[in-house]
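As the structure is a computational prediction, the values presented were derived from the model and not from experiment. Convention: sequence-line order gives letters A, B, ...; per-chain numbering from 1.
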Protein chains: 2
Amino acid sequence: MMQKSRSSLVNDAYRRLKQEIRSNRLPPGFHGTEPEMAERLGMSRTPLREALVLLEADGLVEMKPRRGIYILPILPQDMKEIYEVLTAIEPEAVAVLAARKLSEAELKPLIDATARMEQALDDDDLEAWANADDEFHKELLILHGNKRFLSIASLLFDQAHRARVITLRMREKPYRSTAEHKTVVEHIIKGEIEEARNVYREHRERAGAELLAILAKYKLQQL
Amino acid sequence: MMQKSRSSLVNDAYRRLKQEIRSNRLPPGFHGTEPEMAERLGMSRTPLREALVLLEADGLVEMKPRRGIYILPILPQDMKEIYEVLTAIEPEAVAVLAARKLSEAELKPLIDATARMEQALDDDDLEAWANADDEFHKELLILHGNKRFLSIASLLFDQAHRARVITLRMREKPYRSTAEHKTVVEHIIKGEIEEARNVYREHRERAGAELLAILAKYKLQQL
DNA sequence: TTTTATATTAATGTATACATTAAAGTATTT
DNA sequence: AAATACTTTAATGTATACATTAATATAAAA
């Protein structure tokens with residue numbers, strides 16, 4: 001899922017396609033065929049297909065027999081599911097970190113991420129904010145150390161990325177969200193397990209509800 | 001991850017290899033090459049490789065460039081991680097079911113599974129018990145409806161399968177586990193959300209701790 | 001005999017070839 | 001013009017071919 005090498009061309013195709021899907025250059029609903037995609041990537045169908053098989057397992061594309069490759073949209077139902085999983089996993093991770101009584105030095109990645117979130121707010125740079133937010137969530141699970149937590153969350157973040165980017169501009173500025181992240185870090189530092197867990201869980205639940213409300217309000221049935 | 005078709009040969013290879021890994025016919029540490037595995041499956045390397053790429057993403061095999069295919073062992077650390085994820089996800093699912101106040105008819109799959117667990121205990125048939133247990137956990141997540149919960153849990157169950165089969169014979173008969181499953185169903189029926197969640201969470205935590213204790217006791221450093 | 005250099009083998013990573021067949025297009029009939 | 005049958009096209013699923021190169025075996029040198 002996230003090893004260093006693999007044969008290069010397969011890896012190249014996987015990374016490039018994933019990036020193009022994330023950035024919406026290959027938008028949901030996009031349809032292609034193997035020969036044309038292989039040509040575009042400058043390789044034969046063999047490594048492309050191996051990459052596509054992986055992207056399909058990641059839930060990003062669908063290979064319809066005899067009909068070609070489709071970039072899958074994110075539906076509100078998908079976002080609901082994704083937030084449910086994150087709500088189950090991340091508060092747990094936070095509680096474990098709090099129980100571990102980590103030093104501020106060890107928590108530096110999280111503290112830095114919150115600082116960058118604040119800076120981004122000051123700069124009114126939503127994209128920077130979103131990147132810092134991603135960073136926070138990733139570092140949190142790296143600190144926890146359960147590789148499966150991390151790979152599951154990474155997969156879900158990849159799936160949700162487009163929807164998050166788009167809705168970021170439709171909601172109020174994430175002051176509250178930023179503050180909540182800081183509060184969570186405080187609780188972790190103080191070793192306040194249940195407080196950390198609860199703040200984070202509420203953060204997740206509210207963030208998910210907000211996002212679904214936006215999708216409903218703007219009738220965004222797929223992204 | 002679990003669609004109906006895909007080209008048959010790829011799908012055949014994927015299913016057959018997964019089954020052979022589960023059943024320990026391809027034991028951890030097993031080493032093969034693509035030509036010999038393709039020959040054994042009666043197909044060319046092309047579909048085999050696509051299947052292997054998926055099995056690698058599932059964490060069951062590793063394709064080492066130039067060194068061949070290895071069946072990965074399960075380490076105690078893996079079991080720890082797997083149980084952590086299940087402990088995060090399943091109690092959440094149980095709580096949702098309880099909140100939904102399902103009828104006994106709707107809960108039939110769970111009730112049937114517990115009945116089969118009891119029957120298996122009476123018959124002293126550990127394998128039947130393990131199958132009923134698997135069934136319970138799968139039906140639970142199907143009832144919940146979050147496809148991501150189900151696919152994550154399925155992946156983890158696949159990874160943990162060998163270890164569970166082996167340790168099943170090293171622990172006491174699962175009377176307590178069976179009773180706990182029944183209790184959880186009771187709480188779901190009565191709509192007792194927190195009780196359902198807590199019983200299940202404790203069940204998971206105890207089951208995980210027991211399993212790790214067995215691995216330590218018998219010095220099973222990989223399975 | 002040990003070490004180093006060279007040759008051989010064989011597995012991977014990738015490209016290409018090809019049979020099958022769904023879909024699109026064309027012709028034929030009404 | 002509409003419906004049907006036929007033809008063509010082209011994409012997929014799979015097999016095969018081939019260049020590269022790590023690993024092993026063999027030979028030469030110390």
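Under a cut-off of 6.0 angstrom, the local environment of CZ in B:R25 is sparse, with at most 12 non-hydrogen atoms contributed by other residues, nucleotides or ligands.
Applying the salt bridge (charged side-chain N to carboxylate O under 4.0 Å, His left out) rule to pairs touching residues 150-162 of chain B yields B:K18-B:D158, B:R22-B:D158, sequence neighbours excluded.
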Treat primed atoms plus P, OP1 and OP2 as sugar-phosphate and everything else as base, then score nucleotides 11-19 of chain C 5' to 3': B for base contact with protein heavy atoms under 4.0 Å, S for sugar-phosphate contact only, - for none. BBBBBBB--

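A:F157 and A:H137 have tilted rings, their planes meeting at an angle from 30° to 60° on a 0 to 90° scale.
Put simply, the residue from A:E118, A:R116, A:Q119, A:M117 that forms a side-chain contact (heavy atoms from CB on, under 4.5 Å) with A:W129 is A:M117.
Across all non-hydrogen atoms, the minimal contact from A:Q221 to A:L75 is O-CD2, 3.5 Å.
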